[in-house]
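Here, residue 1 is the first one in the sequence, and each next residue gets the next number.
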Amino acid sequence: APAYQRFVAAFGGDTIFIPVDSQADEIRQWNCVFRLLQDGCSYRTVCVATNLSARQVANIRRQLEDVGLLTPIMKGCCASG
């Protein structure tokens, strides 16, 4: 309780904002992008739903593919065979 008492002594009756862990925000974004892509949503839909840019969505998708959570997309000449 000493840490709590020092905290109260320092801030008293002030309202303070304790930020959410930035890693938690990143995990929420990844989860949302993952679910939308798994459901077959377009990049545009994912961008609008998550308020992320197409580049950010593409980067998250690539990271999800790298860890094996999403199947990589085949593009260009590689897709034909």
Side-chain angles (χ1 to χ4, degrees):
Y4 177 73
Q5 290 170 345
R6 287 193 309 270
F7 183 80
V8 171
F11 294 100
D14 294 340
T15 300
I16 61 168
F17 173 75
I18 300 174
V20 175
D21 182 14
S22 63
Q23 189 175 19
D25 286 338
E26 183 178 340
I27 290 169
R28 274 193 291 277
Q29 282 182 335
W30 276 42
N31 188 32
C32 189
V33 170
F34 171 76
R35 284 185 287 108
L36 291 168
L37 292 174
Q38 278 288 102
D39 290 345
C41 293
S42 68
Y43 267 39
R44 180 166 175 76
T45 301
V46 176
C47 291
V48 169
T50 59
N51 200 29
L52 296 171
S53 70
R55 181 179 298 265
Q56 289 172 306
V57 171
N59 287 341
I60 292 171
R61 179 186 186 98
R62 191 168 22 262
Q63 291 169 323
L64 289 168
E65 290 172 352
D66 288 347
V67 296
L69 293 175
L70 283 177
T71 304
I73 296 176
M74 302 295 286
K75 293 184 178 181
C77 64
C78 298
S80 63

**Student:** Only counting residues at least two apart or in another chain, list the ones meeting side-chain contact (heavy atoms from CB on, under 4.5 Å) with I27.
**Tutor:** Q23

**Student:** Kindly write out the residues that satisfy side-chain hydrogen bond (donor to acceptor under 3.5 Å, both in side chains) with T71, not counting sequence neighbours, or none if the list is empty.
**Tutor:** none

**Student:** Could you list all the salt bridge (Lys or Arg N to Asp or Glu O under 4.0 Å) pairs where at least one residue sits in residues 51-73, not counting sequence neighbours?
**Tutor:** R61-E65

**Student:** Who are the side-chain hydrogen bond (donor to acceptor under 3.5 Å, both in side chains) partners of N31, not counting sequence neighbours?
**Tutor:** none

**Student:** Over all heavy atoms of both residues, which pair between L69 and F34 is shortest? Give the atoms and the distance, please.
**Tutor:** O-CE1, 3.2 Å

**Student:** Any side-chain heavy-atom pair from L52 and I60 closer than 4.5 angstrom?
**Tutor:** yes

**Student:** side-chain contact (heavy atoms from CB on, under 4.5 Å) with A24: which residues, sequence neighbours excluded?
**Tutor:** V20, D21, R28

**Student:** If you count every heavy atom of other residues, nucleotides or ligands that lies below 6.0 Å from N51 atom CG, does the total exceed 12?
**Tutor:** no

**Student:** Applying side-chain hydrogen bond (donor to acceptor under 3.5 Å, both in side chains), name anything that partners R35, two or more places apart in sequence or on another chain.
**Tutor:** none

**Student:** Taking atom CG of N59 and atom CH2 of W30, what is their separation to the nearest 0.5 Å?
**Tutor:** 10.0 Å

**Student:** Q38: what forms a side-chain hydrogen bond (donor to acceptor under 3.5 Å, both in side chains) with it, not counting sequence neighbours?
**Tutor:** none

